[in-house]
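Single-structure report; data block below.
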Amino acid sequence: MAFHEYATILSVFFIFMSLLTFTYRHQKERSIIPTNWPIVGMIPSFIVNVNRLHDYITEFLIHTGGTFMWKGPWFSKMNMLMSAHPLDIQHVLCKNFNNYPKGDKFREMFDIFGNGIFNSDGELWEINRKVTMSVFKRSEYHYLFETIIWHKVEKGLLPLLESTFVQGMEIDLQEIFERFAFDITCKLFLDHDPKSLSLDFPYIPCQKALLDVEEVIVYRHFTPVNIWKLKRFLRWGDEKKLINAWKSIDDFIYKCLARNHEYNNMKGEHREKQFVFLTTFMREIREERCDFADPTKLLRDTLLSLMIAGKDNISSALSWFFYMLAKNQNVEDKILKEIHAHLEVKIGVRWNEKELGQMVYLHGAINETLRLFPPVALNHKSPLQQDILPSGHKVNQNTKIILAFYTMGRMKSIWGEDCMEFRPERWFAKGGGIKHEPSYIFPAFNAGPRTCLGKDMSFYQLKVVIATIVYHYHVELVKGHSVLPAHAIVLHMKHGLKVRLTKRREANRI
Ligand code: HEM
């Protein structure tokens, strides 16, 4: 090829790229509303923003006053009505609850959860919820929960943090919280401590598998149904990852169930009389006189929902909390002051709920974290019957509705001009204590009849862990480490939370 032909090809390529860049920049400047292209819909803007999904959704939702119909490719059935409008949230989750079940499409996408509480609707959900709530209310359950948490803090978390401090190591605090919460959840619900929070960070397939599940399910939301189903059929790509994760999780849960079954069949003198969650749960399910074709499968489904709820929401909340703390020195100082004012910290002294309840500033700081980084950042709904949302949008059986909880925490119209500031004082009630915000305005724990069943437990656990760490260590972010939300159904950090610890006494802070 002659030189002038090369030059022509290069010039055409250069002009084409310049035009593309110009169009993209112009488009971005002109409007942050995604362009609806022929055939491919809004997929190009999704691809451009795939690494900042929650902020992308937040930008266009704030720009459009809180609701927006996002269009997928032609014939892909991917159109989604996104809403961060408090009245829409109240309508869907509370006032018109019966018209917005999880539904078959949700169950299809979250198939690994089977008939567990997250996936079920109608009578099955009612039984699941009633029995779970009843077990959660038992005093033996509370005692077990508190004992397990304190044991893990004293024998797992603190020794591990001390060892990394002594060695002067950088640590990924998110990974530590994931392992910590995984061990607690397994011990509490499966009566088995996998000891993933050991100094050698053992590889436990089920722990990694739970994270893989969350990642793949998010991709399903933005992939045409037929395509992800085809990938599943071919056992290809991320769907293969899900199949493998499913197997690791089942192996782990069924092994624990078999161990418990053997234990229950032991004769008298070898069995201690103690509370075991899964035994009590199954007994209460039987008392409901429901005939489940496969009660063991129902138990497996319930346990999986509880493991995800207990492990991932807690580790996400803790990670984002310490990220915000590292960025807000004044908040850390005030929490430390509150710890010294209200909690007696001695080895072996365990704080009770009453003492932790006095930590109002800490409570406000946790709420601020959940407002800006709700672990369940998006919630997915579809109506049974045609309906009109308070924002004026018509919806029908084919409309996918995405409730954008992450966006809601960042709206000036809800939280005022300083909505992006981390300000625990925002949560102080005039007469003292914590200010209550209706759950359709602050839906971190969901709203309406499907409100989270673990809210009080979560505050207890979060306060114990945070107060313990803040009392002993100052947490500093590793310079240059970028913290970004990962793609997952729970809001984890993509590259973890890399930090260094300084012992309090050495930082001259007490
Ligand atoms: C910071 C911690 C937590 C947050 C932010 C949180 C948030 C939520 C949210 C948003 C939902 C609704 C999910 C949906 O319907 O799709 C939910 C449901 C639920 N959560 Fe939590 N959760 C947390 C911790 C826990 C813990 C520790 C448990 C106990 C193991 C728990 C148990 C449940 C259960 C059983 C449901 C299902 C309720 C139902 O469908 O009736 N959660 N949670």
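When reading the values below, keep in mind they use all heavy atoms of this one structure, side chains included, and skip hydrogens, waters and symmetry mates. Source: prediction; values computed, not measured. Every number for a ligand or one of its atoms is a count from 1 in the order of the listing. The first residue of the sequence shown is numbered 1, and numbering continues consecutively from there.
In this structure, atom 5 (C) of ligand 1 lies nearest to the protein heavy atom A444 O, 3.5 Å. For atom 35 (C) of ligand 1, the nearest protein heavy atom (residue, atom name, distance) is L306 CD2, 3.8 Å. Protein heavy atom closest to atom 3 (C) of ligand 1, with residue, atom name and distance, is N313 CB, 3.3 Å. Nearest protein neighbour of atom 38 (C) of ligand 1, counting heavy atoms only, is R129 NH1, 3.3 Å. With hydrogens left out, the protein atom closest to atom 30 (C) of ligand 1 is F189 CZ, 3.5 Å, a heavy atom. Closest to atom 21 (Fe) of ligand 1 among all protein heavy atoms lies C452 SG, 2.3 Å. Of all protein heavy atoms, the one lying nearest to atom 33 (C) of ligand 1 is L453 N, 3.7 Å. Nearest protein heavy-atom contact of atom 16 (O) of ligand 1 is K102 NZ, 2.7 Å.
At a heavy-atom distance under 4.0 Å, no atom of K455 approaches ligand 1. Contacts between N446 and ligand 1 below 4.0 angstrom, taking non-hydrogen atoms only, involve backbone and side chain alike. With a 4.0 Å cut-off on non-hydrogen atoms, A309 touches ligand 1 through its backbone as well as its side chain. Counting heavy atoms under 4.0 Å from ligand 1, residue P375 touches it through the side chain alone.
Below 4.0 Å from some heavy atom of W125 lie the following atoms of ligand 1, by number and element: 39 (C), 40 (O), 41 (O). Atoms of ligand 1 found under 4.0 Å from any heavy atom of F118, numbered from 1 in the order shown, are 18 (C), 19 (C), 36 (C), 37 (C).
E214 and K311 are not joined by a salt bridge, as no carboxylate oxygen comes within less than 4.0 angstrom of a charged side-chain nitrogen.
Using a 30° and 60° split on the angle between ring planes, F106 and H380 fall in the perpendicular class, above 60°.
Outside the 6.0 Å centre-distance limit, the rings of F321 and F373 are not counted as a close aromatic pair. Remark: aromatic rings of F422 and W427 are distant, center separation not under 6.0 Å.
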So F445 and F459, ring-ring contact (aromatic ring centres under 6.0 Å, His included) or not? Walk me through it. CA-CA 11 Å; F445 291 97; F459 273 100; 5.8 Å; yes

For the pair D183 and K152, evaluate salt bridge (Lys or Arg N to Asp or Glu O under 4.0 Å) and give the outcome as yes or no after the intermediate values. CA-CA 8 Å; D183 286 358; K152 212 24 101 184; 3.1 Å; yes

Are R426 and E421 close enough, and set up right, to give a salt bridge (Lys or Arg N to Asp or Glu O under 4.0 Å), and what steps lead you there? CA-CA 10 Å; R426 183 189 312 278; E421 277 174 42; 5.8 Å; no

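Every N/O-N/O distance between T132 and ligand 1 stays at or above 3.5 Å. Polar contact with ligand 1: absent for S458 (N/O pair, distance under 3.5 Å).
Remark: R410 fails to qualify as a cation-pi partner of W415 under the 6.0 Å distance and 45° angle criteria applied to the six-membered ring. R450 forms no cation-pi arrangement with F97, by the criterion of a distance under 6.0 Å to the ring centre and an angle within 45° of the ring axis.
Of all the heavy atoms in P86 and I414, the pair that sits closest is CG-CD1, 3.7 Å.
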